[in-house]
**Student:** 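Once you've had a glance at the structure underneath, I'll fire off some questions.
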Amino acid sequence: QVDLVESGGGLVQAGGSLSLSCVASGDIFRINSMAWYRQAPGKQRELVATITRSGRAKYGDSVKGQFTISRDNAKNTVYLQMNNLQPEDTAVYSCNAAVVLGYDDYEAHFWGQGTQVTVSS
């Protein structure tokens with residue numbers, strides 16, 4: 001019932017920037033935390049950043065370069081601004097949202113489809 005649609009991935013040279021976005025829609029009463037994860041080929045999925053509904057952000061230890069997570073509650077959207085990208089940042093980036101559904105008070109987690117970020121040297 002909840003759909004997360006991501007956009008903004010692509011190919012960029014080392015040192016470049018990309019901005020990712022993820023829009024949630026569906027039977028949403030409230031979105032609590034939102035997050036970005038990434039997974040490189042053959043590697044374990046790792047946390048990139050999380051952000052609370054009030055805007056408090058935390059970042060994963062392995063994140064390189066200048067990454068900033070933000071959100072717009074009115075638009076049910078989470079963003080990830082990625083600056084100074086490096087080849088090791090190459091991965092599929094997926095968003096996650098902790099959603100209180102409209103028909104009950106259960107908090108469920110939903111995932112986006114993922115968007116490919118490729119950084120060339």
Side-chain angles (χ1 to χ4, degrees):
Q1 287 279 59
V2 176
D3 193 27
L4 303 181
V5 179
E6 304 166 0
S7 62
L11 175 65
V12 66
Q13 294 182 358
S17 300
L18 285 173
S19 182
L20 307 182
S21 63
C22 176
V23 181
S25 63
D27 191 15
I28 299 170
F29 177 75
R30 183 181 69 251
I31 302 178
N32 293 328
S33 65
M34 304 184 81
W36 288 96
Y37 290 79
R38 68 184 183 185
Q39 187 168 26
K43 294 187 177 180
Q44 184 176 326
R45 175 188 280 166
E46 63 181 359
L47 175 68
V48 177
T50 63
I51 185 167
T52 67
R53 182 172 178 83
S54 64
R56 180 177 176 177
K58 294 184 181 294
Y59 297 89
D61 292 337
S62 63
V63 172
K64 301 198 177 61
Q66 300 290 325
F67 285 23
T68 303
I69 188 171
S70 61
R71 65 187 288 172
D72 186 334
N73 292 337
K75 297 180 179 179
N76 288 333
T77 300
V78 63
Y79 306 92
L80 184 68
Q81 178 66 46
M82 302 184 293
N83 298 324
N84 193 30
L85 285 161
Q86 301 300 315
E88 55 264 40
D89 296 317
T90 295
V92 174
Y93 286 71
S94 302
C95 64
N96 176 273
V99 180
V100 178
L101 302 174
Y103 52 84
D104 62 19
D105 60 356
Y106 178 75
E107 181 184 281
H109 286 80
F110 296 88
W111 288 91
Q113 77 282 1
T115 185
Q116 177 70 49
V117 171
T118 303
V119 185
S120 62
S121 60

**Student:** For the pair Asn96 (side chain) and Met34 (backbone), establish whether a donor and an acceptor sit closer than 3.5 Å, ignoring hydrogens and angles.
**Tutor:**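 Between the backbone of Met34 and the side chain of Asn96 there is no qualifying donor-acceptor contact (under 3.5 Å).
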**Student:** Apply the side-chain hydrogen bond (donor to acceptor under 3.5 Å, both in side chains) test between Tyr93 and each candidate in Gln39, Arg38, Gln116, Glu6; give the one that qualifies.
**Tutor:**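 In the set Gln39, Arg38, Gln116, Glu6, the residue that makes a side-chain hydrogen bond (donor to acceptor under 3.5 Å, both in side chains) with Tyr93 is Arg38.
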**Student:** State the CH2-CG distance between Trp111 and Asp3, to the nearest 0.5 angstrom.
**Tutor:**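 It is 15.0 Å, given to the nearest 0.5 Å.
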**Student:** Consider only side-chain heavy atoms of I, L, V, M, F, W and Y, link residues closer than 4.5 Å, and tell whether Ile51 and Val2 are in one cluster.
**Tutor:**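 Ile51 clusters together with Val2.
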**Student:** Is it true that Leu4 and Ile28 fall in one hydrophobic cluster, defined by side-chain heavy atoms closer than 4.5 Å?
**Tutor:**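 Same hydrophobic cluster.
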**Student:** Minimum heavy-atom separation for Val48 and Leu80, please, with both atom names.
**Tutor:**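 Answer, listing the atom of Val48 first, then Leu80: CG1-CD2, 4.0 Å.
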**Student:** Going by heavy atoms in the side chains, are Thr68 and Tyr79 under 4.5 Å from each other?
**Tutor:**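 No - every pair of side-chain heavy atoms lies 4.5 Å or more apart.
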**Student:** Decide whether Leu101 and Val23 are clustered together by the hydrophobic rule: side chain heavy atoms of Ile, Leu, Val, Met, Phe, Trp, Tyr closer than 4.5 Å, transitively.
**Tutor:**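 The answer is no; the residues belong to distinct hydrophobic clusters.
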**Student:** Set out, in order, the CA-CA distance, both residues' side-chain angles and the distance that settles side-chain contact (heavy atoms from CB on, under 4.5 Å) for Asp89 and Met82, then state yes or no.
**Tutor:** CA-CA 10 Å; Asp89 296 317; Met82 302 184 293; over 6 Å; no
**Student:** Between Glu46 and Ser62, is any side-chain donor less than 3.5 angstrom from a side-chain acceptor?
**Tutor:**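 Present: a donor and an acceptor within the cut-off.
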**Student:** Could you tell me the separation between the OG atom of Ser7 and the CD atom of Gln113, rounded to the nearest 0.5 Å?
**Tutor:**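 Going from the OG atom of Ser7 to the CD atom of Gln113 covers 8.5 Å.
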**Student:** In this structure, would Trp36 and Val63 fall into the same cluster of hydrophobic residues linked by side-chain contacts under 4.5 Å?
**Tutor:**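 Yes: a chain of side-chain contacts under 4.5 Å links Trp36 to Val63.
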**Student:** Using side chain to side chain contact (heavy atoms under 4.5 Å, CB included) as the criterion, point out the one residue from Leu20, Leu85, Asn84 that pairs with Phe67.
**Tutor:**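 Of Leu20, Leu85, Asn84, side chain to side chain contact (heavy atoms under 4.5 Å, CB included) with Phe67 is met by Leu85 alone.
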**Student:** What's the separation between atom OG in Ser33 and atom CD in Glu107, rounded to the nearest 0.5 Å?
**Tutor:**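 Going from OG on Ser33 over to CD on Glu107, the span is 6.0 Å.
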**Student:** Please find the pair of heavy atoms, one from Ser17 and one from Val12, that lie closest to each other, and give the distance.
**Tutor:**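 Between these two residues, the closest heavy atoms are N-CG2, 3.8 Å.
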**Student:** CZ of Arg53 to CZ of Arg71: how many Å apart, nearest 0.5 Å?
**Tutor:**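 Here the interatomic distance stands at 6.0 Å.
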**Student:** Are Leu47 and Ile31 linked, directly or through intermediate hydrophobic residues, by side-chain heavy-atom contacts shorter than 4.5 Å (ILVMFWY only)?
**Tutor:**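 Unlinked, Ile31 and Leu47 end up in two clusters.
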**Student:** Looking at Val119, is its backbone amide N or carbonyl O close enough to the side chain of Thr90 to form a donor-acceptor pair, meaning the two atoms are under 3.5 Å apart?
**Tutor:**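 Yes, Thr90 side chain to Val119 backbone: donor-acceptor pair under 3.5 Å.
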**Student:** Might you point out which heavy atoms bring Gly15 and Gln86 nearest each other, and give the distance in Å?
**Tutor:**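 In this case the closest contact between Gly15 and Gln86 is N-NE2, 3.9 Å.
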**Student:** Mind listing the closest non-hydrogen atom pair of Ser121 and Ala14 along with its distance?
**Tutor:**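 The pair with the smallest heavy-atom distance is CA-CB, 4.3 Å.
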**Student:** Output, in order, the C-alpha distance, side-chain angles, deciding distance and verdict of side-chain contact (heavy atoms from CB on, under 4.5 Å) for Ile69 and Thr50.
**Tutor:** CA-CA 7 Å; Ile69 188 171; Thr50 63; 5.6 Å; no
